[in-house]
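A quick write-up on the structure given underneath.
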Amino acid sequence: MAPLPIRQIAYFVPDVRAAARAHSAAFGSGPYYVADHIALTRAVHRGVERELDHSSAYGQWGEVMIEFCQQNNPGPSAFHDLYPEGSGREGLHHVALFVDNLDAAVADFTGQGATLALDAQMTDGFRYVFLDTIATYGHMLELYEPTDNLKGFYEYVRRKAGDFSKGVTQDIAFG
């Protein structure tokens, strides 16, 4: 497998806006772009199709994107696999990697003992997965192919790093 640098570090939190503001104040990260209720056409958690309503805040912290995720609906999910519903726990959830071929990468990682925790697709057809690597790394891996739209979003967040002219958080929409 080719080298796979970390593209993003993601935390599970109860409130993405509060987490973004706190991280920005502590580390100078951001600004953050907040997507509420990210629309999915499919979310298969551990082989079972489930609803997943989540929101995320995306910002830059040095060389890496930071994401804060919150789950808006109750029930099982890849987020609750690591931070059980009602536990009040939060923290590092996953790191994201770009892969050339998503299915091949999933096969490679599952061949090494990871399990597929989530296979999801957004309304624009963008697909991503969470692999359960908690026993090995203490967190999940998020994999996706670097589409032009995704690379453009990463570059936009990177270009805006440290530009707080419109505040620490700004609302955006996907799809």
Side-chain angles (χ1 to χ4, degrees), residues 3-40 43 52-73 77-84 87-99 102 105 109 114 117-118 120 122 124 126-134 136-175:
L4 298 172
I6 292 174
R7 303 298 180 148
Q8 177 193 81
I9 299 171
Y11 297 89
F12 179 73
V13 298
D15 181 329
V16 298
R17 285 174 177 80
R21 285 190 296 273
H23 199 274
S24 180
F27 300 106
S29 60
Y32 285 86
Y33 300 87
V34 179
D36 284 313
H37 305 283
I38 298 170
L40 300 175
L52 177 59
D53 177 0
H54 71 292
S55 299
S56 291
Y58 306 89
Q60 195 73 18
W61 185 21
E63 295 301 312
V64 69
M65 179 184 277
I66 296 295
E67 178 183 11
F68 294 105
C69 310
Q70 73 185 49
Q71 184 168 332
N72 303 315
N73 65 307
S77 72
F79 296 122
H80 289 158
D81 286 349
L82 193 55
Y83 299 104
S87 70
R89 293 181 52 230
E90 60 185 271
L92 177 65
H93 182 264
H94 65 269
V95 298
L97 311 172
F98 288 175
V99 296
L102 188 54
F109 279 106
L118 175 70
M122 296 173 60
D124 64 357
F126 178 77
R127 182 176 164 223
Y128 66 95
V129 302
F130 285 151
L131 292 169
D132 184 340
T133 56
I134 297 166
T136 306
Y137 303 119
H139 56 76
M140 300 236 180
L141 291 179
E142 181 180 33
L143 306 179
Y144 36 66
E145 295 175 6
T147 64
D148 288 341
N149 283 345
L150 180 68
K151 290 187 296 186
F153 179 65
Y154 267 76
E155 181 53 35
Y156 179 80
V157 171
R158 183 184 212 40
R159 268 194 332 270
K160 294 294 185 175
D163 174 8
F164 296 100
S165 61
K166 294 183 181 178
V168 174
T169 62
Q170 298 176 43
D171 289 346
I172 60 171
F174 292 129

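Residues: numbered from 1 along the sequence shown.
Around the CG atom of D171, the shell of radius 6.0 Å holds more than 12 heavy atoms that belong to other residues, nucleotides or ligands. More than 12 heavy atoms of other residues, nucleotides or ligands shown are found within 6.0 angstrom of CZ on F164. The neighbour count for E63 CD, taken as heavy atoms of other residues, nucleotides or ligands under 6.0 Å away, does not exceed 12.
No side-chain N or O of N73 forms a donor-acceptor pair with one of D53 less than 3.5 Å apart. There is a side-chain donor-acceptor pair under 3.5 Å between S165 and D163.
Contact of the E145 side chain with the R127 side chain is not registered, since no non-hydrogen atoms from C-beta on lie closer than 4.5 Å. Counting only heavy atoms from C-beta outward, the side chains of L150 and Y144 approach each other to under 4.5 Å. In this structure, H94 and C69 have side chains that are in contact, with non-hydrogen atoms separated by less than 4.5 Å. Within the 4.5 Å cutoff, the side chain of F12 has heavy atoms near those of the Q71 side chain.
A salt bridge links D36 to R17: at least one charged side-chain nitrogen sits closer than 4.0 Å to a carboxylate oxygen.
Not a single donor-acceptor pair under 3.5 Å links the side chain of Y11 to the backbone N or O of V16. In this structure, the side chain of Q60 engages the main chain of G62 through a donor-acceptor pair within 3.5 Å.
Side-chain rings of F98 and Y154 approach one another, their centers coming within less than 6.0 Å. Taking the centre of each ring, Y33 and F153 stay at or above the 6.0 Å mark.
Evaluated for a ring pair (Phe, Tyr, Trp, His ring centres under 6.0 Å) with W61, the options F27, F68, Y32 yield exactly one hit, F27. Among L40, L131, L52, the one residue that satisfies the side chain to side chain contact (heavy atoms under 4.5 Å, CB included) test with L118 is L52.
Taken from CD1 in I9 to CE in M65, the straight-line distance is 12.0 Å, to the nearest 0.5 Å.
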